[in-house]
Amino acid sequence: MTSTTTHGTVGRAALLVLADGRFPAGGHAHSGGAEAAVKAGRITDAASLAAFCRGRLHTAGLTAAGLAAAAALGHDPYDLDTAADARTPSPALRAVARKLGRQMMRAARATWPCAELDALATAFPRGAHQPIVLGVAARAAGLGPEDAAHCVAYETVSGPATAAVRLLSLDPFRATAVLARLAPEMDRVAERAAAAARQGVDALPAASAPLLDITAEQHAAWPVRLFAS
């Protein structure tokens, strides 16, 4: 299977590498809000995990996927970083996004060295928002905006699902089934995000999840926690 992008026709194996949970971009240390939701009793089983993931996908996931797709299209990273800040009201989540952006940058530059990644690293020494780095990495790998958006959509739900297995001793088969059932919605979110990115930065989604913002601030203040966020 191949994909035609601005970089030509490429294999989809690069997409698998970028979306692989073992790609050393630091995501394994973050629960995507699941740890706080488990403590609050909002995630207790596979059904409530599915509801949490669906909500996260259509809010924070859609917004991040749009940023990644726009970066993959080559939109100005300064404009995108400003847009990301405006769409991330929680200081804790902004800090997490930049920390993950730095880790993603290290992994991406080692995997797909290119001038665009070097320039982005120089422009944002403290780290650009992770979806922007992911989008530029996708571009460096020869992938397109839909590919970048799919990566973000998947990581938006796979992070909480993996965390729930550890936090609740949830059956990993049931957690994986949650992801599989959400696959059609991930496709729709990625398509919507890429379509918006083609219209320009001002058209990017700005869906919000206030409860995720509030619990992220609370989680950041916990003296003991299993996940960084």
Side-chain angles (χ1 to χ4, degrees), residues 18-68 84 87-90 92-101 103-104 129-131 134 148-190 192-193 205 207-222 224-229:
L18 187 58
D20 192 334
R22 290 164 293 188
F23 189 72
H28 66 279
H30 298 262
S31 75
E35 185 168 21
V38 167
K39 183 175 182 180
R42 286 188 291 274
I43 299 178
T44 58
D45 54 17
S48 52
L49 171 64
F52 177 87
C53 288
R54 179 173 290 107
R56 191 166 193 268
L57 174 64
H58 288 280
T59 54
L62 173 62
T63 300
L67 292 164
R87 288 161 171 76
T88 313
S90 162
L93 289 182
R94 286 199 297 271
V96 166
R98 293 191 184 281
K99 181 177 181 180
L100 285 171
Q103 184 67 20
M104 172 66 74
H129 281 255
Q130 189 264 6
L134 187 151
H150 270 99
C151 281
V152 171
Y154 178 70
E155 72 178 17
T156 295
V157 295
S158 63
T162 301
V165 171
R166 295 175 62 184
L167 292 163
L168 294 171
S169 296
L170 186 67
D171 184 342
F173 295 105
R174 299 191 70 189
T176 301
V178 166
L179 298 180
R181 294 185 185 111
L182 285 172
E185 292 183 57
M186 289 186 238
D187 288 339
R188 290 193 291 271
V189 164
R192 181 180 170 189
S208 63
L211 188 57
L212 284 178
D213 295 329
I214 292 168
T215 55
E217 293 299 314
Q218 295 170 342
H219 183 272
W222 290 3
V224 179
R225 58 195 181 201
L226 182 60
F227 292 92
S229 71

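No hydrogens, no waters, no symmetry mates; every other heavy atom, side chains included, goes into these values. Just so it is clear, the structure is predicted and the values come from calculations on it, not from any experiment.
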Any idea which heavy atoms bring A207 and H58 closest together, and the distance?
CB-O, 3.8 Å
Once you round to the nearest 0.5 Å, how far does CD1 of I43 lie from SG of C53?
6.5 Å
Heavy-atom distance under 4.5 Å between the side chains of D213 and L93, does that happen here?
yes
Hey, does the side chain of S48 reach the backbone of D45 with a donor-acceptor pair shorter than 3.5 angstrom?
yes
Looking at A149 and A193, what are the two nearest heavy atoms and their distance?
CB-CB, 4.2 Å
Nearest-0.5 Å distance, CG of residue L226 to CG of residue L167:
5.5 Å
Atom CZ of R181 with >12 non-hydrogen neighbours under 6.0 angstrom:
no
If you look at every heavy atom in R94 and T88, which pair is closest and at what distance?
NH1-O, 2.7 Å
Under the 3.5 angstrom rule, does the side chain of R225 hit a backbone N or O of H219 as a donor-acceptor pair?
yes
For the CZ atom on R174, are there more than 12 heavy atoms of other groups (residues, nucleotides or ligands in this structure) within a distance under 6.0 Å?
no
Spatial distance of atom CZ (R22) from atom NE2 (H28) [nearest 0.5 Å]
13.5 Å
Where A68 and V152 come nearest, the two heavy atoms and their spacing
CB-CG2, 3.5 Å
Check for a donor-acceptor pair, side chain of R56 on one end and backbone N or O of G32 on the other, with a separation under 3.5 Å.
yes
Heavy-atom pair of closest approach, residues L170 and A175:
CD2-CB, 4.1 Å
Does V157 form a side chain to side chain contact (heavy atoms under 4.5 Å, CB included) with R54? I'd like the steps, not just the answer.
CA-CA 8 Å; V157 295; R54 179 173 290 107; over 6 Å; no
S31 side chain to S229 backbone, donor-acceptor under 3.5 Å:
yes
Of all heavy-atom pairs linking G61 and T156, the shortest is CA-OG1, 3.5 Å
From T215 OG1 over to E35 CD, what is the distance, rounded to the nearest 0.5 angstrom?
11.0 Å
Measure the spacing between CG of L18 and OH of Y154 and express it to the nearest 0.5 Å.
12.5 Å
CG-CD distance between L67 and Q130, expressed to the nearest 0.5 angstrom:
10.5 Å
